[in-house]
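Just so it is clear, the values below take in all heavy atoms, side chains as well, and ignore hydrogens, waters and symmetry mates. Numbered from 1 within each chain, the chains take letters A, B, ... in sequence-line order.
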Amino acid sequence: MRRSIRRRLRNGPIAASRHQRGAASGMDWADELAARVSGAQVINDSKTPSGTVHVGSLRGPVILDVITRALRAAGHETTLLYGVDDLDAMDAQALLTPDAVERSMGVPLAHIPDQVNDGHASYARHHAQTFIDLFANLGIHPDRYYWMSDIYPGGAMDRYIRTALDRAHVVRDIYRRVSNVQHPDTWHPILVICETCGKVGTTIVTKWDGQRVFYECRADLVAWATGCGSSGWVEPFGGRAKLPWNLEWAAQWSLFGVTIEPCGKDLATAGGSRDRSDAIAREVFEREPPINVAYEFLNIGGRKMSTSKGRGAAAHQIVEVIPPDQLRTLFIRPRPNHAIEFDPEGTDAIPRLFDEFDKLADATAGRPVKGEMAPGYASVFRYALRNADADVDAEAAAFRPSFAHLAFLVQVPGADIPTKMADEKGSALDARELAILEERRVAARAWLDAYAPDRARMSVRESVPDEVSTLDDAQRMFLATLADAVNLPAAGGSPIGPAGGDAWQAAIFATAAGLGLPPGRAFAALYVAFLGRSNGPRAGWLLAGLQARFVLDRLRAAAAGGTMGTAGGEP
RNA sequence: GGGCCCGUAGCUCAGCGGCAGAGCAGGGGACUUUUAAUCCUCGUGUCGUGGGUUCGAAUCCCACCGGGCCCUCCA
């Protein structure tokens, strides 16, 4: 039974180049995959919790989820597994994150104490859990999570360890043949956790007697960690040793019966990790490897993301700005073999992501959209939804406020956003729409705090903006006249302003009308005087929220062309 | 050295054998007791280059150029 399934899986990676696909719709890669397989499917992915994970790492889990949904929609019984390779050593890889612990280099990640005192049992648990905690909110629900630090001690890997050691010569041959890596003839594919110093990255096994291995913990085996120099015979079972990554990967496929496993393009390169593991699966564990779905990375500004170099956001931070449906859209819209260019810092990339999602919703709901839709847009929309069981039509039909507009409104003092949105929609927002609004309002604020370009932010300048030099005489006159008009002497002689936004607003219109200045020019003058830009929030309410003395001084300074209030200093 | 991806409008990209397209940005205009917006309008771009196949190539093939990433356990 299983064998017949395997035989059908012998096709290469599905990541077809653009020239190979047919008259495709956008999500065909997932649906085509679902149409190609038969029988029950097991999808797997696993991750080494080396440290803080950046947002690009979520592409893999989202792709897993989309494949799972496509398979289930096609009627295949499907199991989704997600593993944590937490017996891997803290190695050079961890040095690429800000989290590496120098004295623990070479130690299994699961055996390193959590550096953050927030209740996790280990370094590995901390970073893996921080990552995994994002899954549910993104609509990714593996049927089972497994941790290699549980799997090994439970003995489940013992039979694969034995097979690998018995066939060490085959493994060495694969490394040499597939990857041009020449291990010594005494090298054995097992990593003992040193009984003396606890490191796994520094040990090498040179003998296997069928029950025990002889290992040495060498000071200079690797550059990034120093072994303690001890050696001895040990039974490499029950968690006392782990397989090297390529063998562990292949062993996982056998252990869990994996039929589909996507991987990043770094592993999928010719002669790389995936090729080695595929060969090991076939020749050592005698099982056809799972279907591969190779996927490209997420680049920031045309360059690779790097947590350590400050390019790109940590995954757990970006989700505060990009809600699940939109983050899924980011990953799902391009085919897996396309690199994604994404640069949220100081750009409108995030607002445009929302716009694109909204356009997908509009088109799916049958509303008119500007321009043309990419083929397969309805599938993209459906798979982008966090909730796999959502009523797609209802979701598409729901009212969604423009993100950019919302980012503006949240900066307007006293704006009644729900009422404004109801006006825009033409009727009251329902519960779901209010939830979407709230989600976007939070996201908009977070975006303004963390990523937005300055032009999207509105703030009253502390001194007279240079931009007042662009005002014409009529506008200056308006500002001066307004200041005089509202500066009615109070009993004590101190300046007062109109009480409240309505009164300010009325004064603005009255003053402009008195001067014959079109309201638009008058308001523009105010915005320039206070914000340094030609548009802004409702001016009356903006001024009402400021100190009257400040407002009057600024009006007069701006009317004078900025010669008052900015005390020299400029060359 | 090998592998993968990309190269189409300022930017992000779609199109993948049949008249070069969209969004955004930008220009111009309209409206407005206001902001955001909305509406109208404006697109000749060596489709990276050179060959080839074809009645016909941005599209298929070959070579090359440029960019990016990977091949060190990141995805």
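A donor-acceptor pair is defined here as one N or O able to donate and one able to accept, closer than 3.5 Å; no such pair exists between the side chain of A:Arg440 and the backbone of A:Arg400. With hydrogens and angles ignored, the 3.5 Å screen pairs no side-chain donor or acceptor of A:Asp278 with any backbone N or O of A:Pro289. In this structure a side-chain-to-backbone donor-acceptor pair under 3.5 Å is present from A:Asp86 to A:Ser149.
Atom CZ in A:Arg440 sits about 20 Å away from atom P in B:A36, given to the nearest Å. Atom pair A:Glu356:CD and B:A25:P shows a separation of 14 Å (rounding to whole Å applied). The nearest whole Å value for the distance from the NE2 atom in A:His338 to the C1' atom in B:C4 is 12 Å. Taking atom CZ of A:Arg333 as the reference point, atom P of B:A22 lies 19 Å away to the nearest angstrom. In this structure, A:Tyr527 atom OH and B:A37 atom C1' are separated by 13 Å, rounded to whole Å. For A:Asn292 and B:C70, the CG to C1' distance is 14 Å, given to the nearest whole Å. When the P atom of B:U12 is taken as reference, atom CD of A:Gln326 falls 22 Å away, rounded to whole Å. For the pair A:Leu515 CG and B:U33 P, the interatomic distance rounds to 17 Å; values are reported in whole Å.
Counting non-hydrogen atoms under 4.0 angstrom, A:Ser50 reaches nothing in the nucleic acid. Residue A:Arg352 is classed as a base contact, given a heavy-atom separation below 4.0 Å to a base. Within the nucleic acid shown, A:Leu267 comes within 4.0 Å of sugar-phosphate atoms alone, with no base atom in reach, counting heavy atoms only. At the heavy-atom level, A:Asp45 lies nowhere under 4.0 Å from the strands shown.
Taking the C1' atom of each, B:C11 and B:C16 are spaced 23 Å apart, rounded to whole Å. One C1' atom belongs to B:A9, the other to B:C5, and the distance between them is 23 Å to the nearest Å. Across B:U59 and B:U53, the matching C1' atoms stand 13 Å from one another, rounded to whole Å. Remark: the separation of the P atoms in B:C31 and B:U49 is 45 Å, to the nearest Å. Remark: the separation of the C1' atoms in B:A58 and B:C13 is 14 Å, to the nearest Å. To the nearest whole angstrom, the two C1' atoms, one in B:G2 and one in B:A14, are 32 Å apart. Taking the P atom of each, B:C47 and B:C60 are spaced 16 Å apart, rounded to whole Å. Nucleotides B:G66 and B:C73 have their C1' atoms positioned 32 Å apart, rounded to a whole Å.
Note: A:Phe381 and A:Phe357 have tilted aromatic rings, judged against thresholds of 30 and 60 degrees for the angle between ring planes.
With a cut-off of 3.5 Å on both Watson-Crick or G-U wobble distances, the partner of B:U38 is given as B:A30. Pair assignment for B:G17 gives none, since no Watson-Crick or G-U wobble pairing has each distance under 3.5 Å. When both distances must be under 3.5 Å, the Watson-Crick or G-U wobble mate of B:U59 does not exist. Pairing for B:C64 goes to B:G48, judged as Watson-Crick or G-U wobble with the two contacts each under 3.5 Å. For B:A22, the paired base is B:U12 (Watson-Crick or G-U wobble, both distances below 3.5 Å).
The cationic atom of A:Arg274 (NZ for Lys, CZ for Arg) lies less than 6.0 Å from the six-membered ring centre of A:Trp249 and within 45° of the ring axis.
Interface remark: the A:Lys265 side chain does form a donor-acceptor pair with the B:C69 base, using a distance-only criterion of under 3.5 Å.
The nucleotide whose nearest atom lies closest to any side-chain atom of A:Thr269 is, among B:C73, B:C11, B:G3, B:G3. Of the candidate nucleotides B:C24, B:C5, B:A36, B:C5 has the atom nearest to the side chain of A:Glu296. Picking from B:C73, B:G23, B:A36 the nucleotide with the shortest atom distance to the side chain of A:Lys242 gives B:C73. Here the side chain of A:Arg335 is nearest to one of B:U12, B:U33, B:G15, namely B:G15. Comparing B:A22, B:C73, B:C24 by their closest approach to the side chain of A:Trp245 singles out B:C73.
Side chains of A:Trp253 and A:Ser277 form a contact here, defined as non-hydrogen atoms less than 4.5 Å apart. Contact of the A:Lys199 side chain with the A:Ile193 side chain is not registered, since no non-hydrogen atoms from C-beta on lie closer than 4.5 Å.
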